[in-house]
Amino acid sequence: MDKDRIFMQKAIDLALQARAEGNEPFGAILVKDGEIVMMGENKINSFCDPTHHAEIGLIRSFCSENNIFDLGEYTLYTSCEPCVMCSGAMVWSNLGRLVYSVTHDQLAAIAGDNIMISCEEVFMKSPQKPMVAGKLLNEKGLAVFDGYRFHSEANQS
């Protein structure tokens with residue numbers, strides 16, 4: 001199993017952990033030089049913060065704790081294609097690479113109505129454009145949502 005698959009499996013495991021803790025099932029891993037530097041999961045219910053998605057929470061914490069703004073040398077692995085808000089955070093932090101499992105369209109089919117803008121559309125119109133690889137371990141990523149019911153209609157990763 002290559003490193004991308006190993007890191008994606010960890011992001012999917014974090015999504016399952018978030019779900020078990022009463023949050024929406026999304027997880028993310030930040031990697032530099034083949035090493036995990038931070039992990040994050042959705043905490044919107046735990047923190048009563050609708051903006052605490054796995055990706056943006058991870059970016060916020062890592063940059064703040066390490067006093068950096070530029071993630072150009074990092075890869076972010078996320079269990080689901082990031083929403084518009086999280087994609088914007090990736091642009092502003094100059095993320096180098098993004099790898100995700102479940103696509104935006106797949107999530108919309110599961111969760112219902114959604115802001116219908118893919119991360120690639122956000123990146124295309126942005127000054128910084130992370131490299132993107134999608135649908136890695138897609139079946140495992142989709143399995144996270146088996147039997148899951150979203151609590152609101154404004155569901156994003």
Side-chain angles (χ1 to χ4, degrees), residues 4-5 7-19 23-32 36-47 49-64 68-145 148 150-157:
D4 278 349
R5 291 181 180 279
F7 293 135
M8 181 56 67
Q9 184 61 58
K10 289 184 184 299
I12 290 169
D13 291 344
L14 284 170
L16 289 167
Q17 181 176 319
R19 180 178 175 169
N23 292 294
E24 292 184 351
F26 302 101
I29 306 279
L30 189 62
V31 173
K32 182 179 181 189
I36 296 172
V37 296
M38 185 165 276
M39 298 186 293
E41 61 189 67
N42 182 290
K43 296 269 189 191
I44 65 170
N45 294 324
S46 294
F47 294 167
D49 177 356
T51 70
H52 204 288
H53 296 189
E55 304 91 338
I56 204 165
L58 182 152
I59 291 168
R60 185 184 300 140
S61 295
F62 184 78
C63 289
S64 177
I68 63 171
F69 290 93
D70 187 346
L71 300 179
E73 297 179 9
Y74 295 79
T75 298
L76 194 146
Y77 295 85
T78 181
S79 61
C80 191
E81 181 177 356
C83 71
V84 173
M85 176 181 68
C86 293
S87 297
M90 292 171 195
V91 168
W92 298 125
S93 64
N94 195 32
L95 181 68
R97 182 171 177 246
L98 166 69
V99 182
Y100 64 85
S101 179
V102 175
T103 70
H104 179 271
D105 290 339
Q106 289 173 315
L107 178 62
I110 294 165
D113 289 337
N114 206 322
I115 298 174
M116 299 304 291
I117 302 172
S118 72
C119 71
E120 294 198 36
E121 186 176 346
V122 173
F123 299 154
M124 181 177 52
K125 296 179 179 183
S126 300
Q128 288 84 23
K129 296 169 178 48
M131 292 183 290
V132 178
K135 295 186 83 171
L136 184 63
L137 299 182
N138 190 247
E139 288 183 22
K140 289 183 177 188
L142 287 168
V144 171
F145 298 101
Y148 184 78
F150 284 90
H151 295 103
S152 72
E153 291 186 17
N155 293 297
Q156 307 294 315
S157 63

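Below, all heavy atoms of this structure are taken into account, side chains as well, without hydrogens, waters or symmetry copies. In what follows, residues are counted from 1 in the order of the sequence shown.
Judged by distance alone, the side chain of Ser61 and the main-chain N or O of Leu58 form no donor-acceptor pair under 3.5 Å. The backbone N or O of Pro25 lies less than 3.5 Å from no partner atom in the side chain of Asn42, so there is not a single donor-acceptor pair.
Atom CG of Asn23 sits about 12.0 Å away from atom CG of Leu14, to the nearest 0.5 Å. Here Glu55 contributes atom CD and Thr78 contributes atom OG1; the two are 3.5 Å apart, rounded to the nearest 0.5 Å. Atom-to-atom distance recorded for Ser87:OG and Leu98:CG is 7.5 Å, nearest 0.5 angstrom. Taking SG of Cys63 as the start and CG of Asn94 as the end, the distance is 10.5 Å to the nearest 0.5 Å.
Looking at heavy atoms from C-beta onward, Phe62 lies out of side-chain contact with Leu76 at the 4.5 angstrom threshold. In this structure the side chain of Phe145 never reaches within 4.5 angstrom of the side chain of Arg19, judged on heavy atoms. Thr51 is listed as a side-chain neighbour of Arg60, based on a closest heavy-atom distance under 4.5 Å. Side-chain contact between Tyr77 and Leu137 is absent, with no heavy-atom pair separated by less than 4.5 Å. Annotation: side chain of Tyr74 is in contact with side chain of Val37 (closest heavy-atom distance under 4.5 Å). The closest side-chain heavy-atom distance from Phe7 to Leu136 is not below 4.5 Å. Residues Ile36 and Val31 form a side-chain contact, since some pair of their non-hydrogen atoms from C-beta on lies under 4.5 Å apart. Taking the side chain as every heavy atom from C-beta outward, Val144 and Ser79 never approach each other to under 4.5 Å.
By the salt bridge (Lys or Arg N to Asp or Glu O under 4.0 Å) test, Glu120 pairs with no residue at all, sequence neighbours left out. The salt bridge (Lys or Arg N to Asp or Glu O under 4.0 Å) check on Lys43 picks up Glu21, Glu41, with sequence neighbours excluded. With sequence neighbours left out, the salt bridge (Lys or Arg N to Asp or Glu O under 4.0 Å) criterion links Arg97 to Asp4. Taking the side-chain contact (heavy atoms from CB on, under 4.5 Å) definition, one finds that Thr103 meets it with Glu81, Tyr100, Asp105, Gln106, Lys135, sequence neighbours left out. Not counting sequence neighbours, the partners of Lys32 by the salt bridge (Lys or Arg N to Asp or Glu O under 4.0 Å) test are Glu73.
Scanning all heavy atoms of the two residues, the minimum distance from Cys83 to His53 falls at SG-ND1, 3.4 Å. Shortest non-hydrogen contact noted between Gly40 and Ala54 is O-CB, 4.0 Å. Between Met85 and Pro50 the shortest heavy-atom distance is CE-O, 4.5 Å.
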- [ ] For Phe26 and Val102, run side-chain contact (heavy atoms from CB on, under 4.5 Å): C-alpha distance rounded to whole Å, both residues' side-chain angles, the deciding distance at 0.1 Å, then the answer.
- [x] CA-CA 10 Å; Phe26 302 101; Val102 175; over 6 Å; no
Open item on the list: Working note: Trp92 + Ile59, criterion side-chain contact (heavy atoms from CB on, under 4.5 Å); need CA distance, chi angles, decisive distance, verdict.
Closed with: CA-CA 10 Å; Trp92 298 125; Ile59 291 168; over 6 Å; no
Open item on the list: Using side-chain hydrogen bond (donor to acceptor under 3.5 Å, both in side chains), reason through Gln9 and Asp13 one step at a time and then give a plain yes or no.
Closed with: CA-CA 6 Å; Gln9 184 61 58; Asp13 291 344; 2.9 Å; yes
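Within 6.0 Å of CE in Met39 there are 12 or fewer heavy atoms belonging to other residues, nucleotides or ligands.
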Under 3.5 Å, which donor-acceptor pairs link side chains of residues 124-132 to any protein atom two or more places apart or in another chain?
{"residue": "Ser126", "atom": "OG", "partner": "Val122", "partner atom": "O", "Å": "2.5"}
{"residue": "Lys129", "atom": "NZ", "partner": "Ser126", "partner atom": "O", "Å": "2.3"}

